[in-house]
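Comments concern the structure below.
Remember, it's 1-based here, ligands and their atoms both numbered in the order they're listed. The structure presented is a predicted model; accordingly, all values stated were derived computationally and were not measured. We number each residue from 1, following the sequence as shown. Hydrogens, waters and symmetry mates are skipped; everything else that's a heavy atom, side chains included, is used.
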Amino acid sequence: MGRMRGIHERPAGLTYRPELVDVDEERSLLAALAAYDFREVRMHGQIARRTVRHFGFDYDYGSFQLTATDALPVELHEVRQRCAALAGLPATALAQALVTRYPPGSVIGWHRDAPAFGPTVVGLSLGSACRLRFQRGKADDRRVYEVELAPRSAYVLAGAARSGWQHSIPPVPELRYSITFRQLRAG
Ligand SMILES: O=C(O)CCC(=O)C(=O)O
Ligand SMILES: [Fe+2]
């Protein structure tokens with residue numbers, strides 16, 4: 001905290017839950033994730049250092065289209081169940097899973113999650129700790145918040161935290177993976 005400029009305000013709709021998985025579960029998840037076939041992320045013509053793997057639905061960052069892809073692997077069913085419970089949703093509501101691999105020093109820049117997804121996003125952190133930053137408003141009105149994401153912790157972005165605030169992750173100190181689950185927007 002303290003390094004971001006602006007008025008400190010906790011985003012409504014942000015939930016943080018330490019130790020959603022235990023150390024043994026984290027170890028086996030990390031071993032499974034290490035074998036996944038991660039793909040590059042190209043945004044605005046730039047290739048990011050983080051890489052991703054989608055399950056359920058594939059999101060094309062260029063065309064903003066969702067297409068059905070490989071089903072969620074069995075080793076991620078239990079964590080989806082826990083993430084859904086944390087968000088008060090049935091597991092099947094979390095139809096899309098995004099596994100992101102952050103090598104040391106990689107980031108995700110300021111953004112709001114795509115409107116193609118529903119109103120709740122749940123994320124699980126594995127490996128390195130990192131900071132998750134939030135901002136909304138400009139200049140004198142800028143509101144900021146920062147939460148440390150410990151390994152094995154989960155967060156929920158709902159309400160304003162999902163739709164009103166932007167979020168970003170500054171350079172991760174060590175290798176980190178996140179598994180984020182999303183709903184598809186109804187209708
Ligand atoms: O790695 C994370 O926990 C956040 C990733 C994120 O913000 C996103 O994929 O939209
Ligand atoms: Fe995001």
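- For ligand 1, the atoms closer than 4.0 angstrom to any heavy atom of Leu98 are 9 (O).
- Considering only non-hydrogen protein atoms, atom 6 (C) of ligand 1 sits nearest to Ile108 CD1, 3.6 Å.
- Between Phe117 and Phe57, the gap from one ring centroid to the other reaches at least 6.0 Å.
- With Arg176 as the partner, the side-chain hydrogen bond (donor to acceptor under 3.5 Å, both in side chains) test is satisfied by one option alone out of Ser128, Ser106, Ser125: Ser125.
- Of the options Gln166, Arg143, Arg5, a side-chain hydrogen bond (donor to acceptor under 3.5 Å, both in side chains) to Gln135 is made by Gln166 and by none of the others.
- Each of the following atoms of ligand 1 lies closer than 4.0 Å to a heavy atom of Tyr102: 1 (O), 2 (C), 4 (C), 5 (C).
- Residue His167 places at least one N or O, backbone or side chain, under 3.5 Å from an N or O of ligand 1.
- Heavy-atom contacts of Tyr155 reach the following atoms of ligand 1: 2 (C), 3 (O), 4 (C) (cutoff under 4.0 Å).
- In this structure, NE2 of His111 and NE2 of His167 enclose an angle of 90° at the Fe ion (ligand 2), rounded to 10°.
- For atom 9 (O) of ligand 1, the choice among Arg101, Arg112, Arg182 with the nearest heavy atom turns out to be Arg182.
- Every atom of ligand 1 with a heavy atom of Ile169 under 4.0 Å away is listed here by number and element: 1 (O), 2 (C), 3 (O), 4 (C).
- Heavy-atom proximity to Ser178, at under 4.0 Å, picks out these atoms of ligand 1: 1 (O), 2 (C), 3 (O).
- Proximity of His111 to ligand 1 is established by a heavy-atom distance of less than 4.0 Å.
- Counting atoms of ligand 1 from 1 in the listed order, those under 4.0 Å from a heavy atom of Asp113 are 10 (O).
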Give the C-alpha distance, both sets of side-chain angles, the deciding distance and a yes or no for side-chain hydrogen bond (donor to acceptor under 3.5 Å, both in side chains) between Thr15 and Arg17. CA-CA 7 Å; Thr15 301; Arg17 163 74 156 81; over 6 Å; no
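- Using modelled atom types and a 3.5 Å distance limit, the side chains of Arg10 and Tyr145 yield a donor-acceptor pair.
- Counting atoms of ligand 1 from 1 in the listed order, those under 4.0 Å from a heavy atom of Arg176 are 1 (O), 2 (C), 3 (O).
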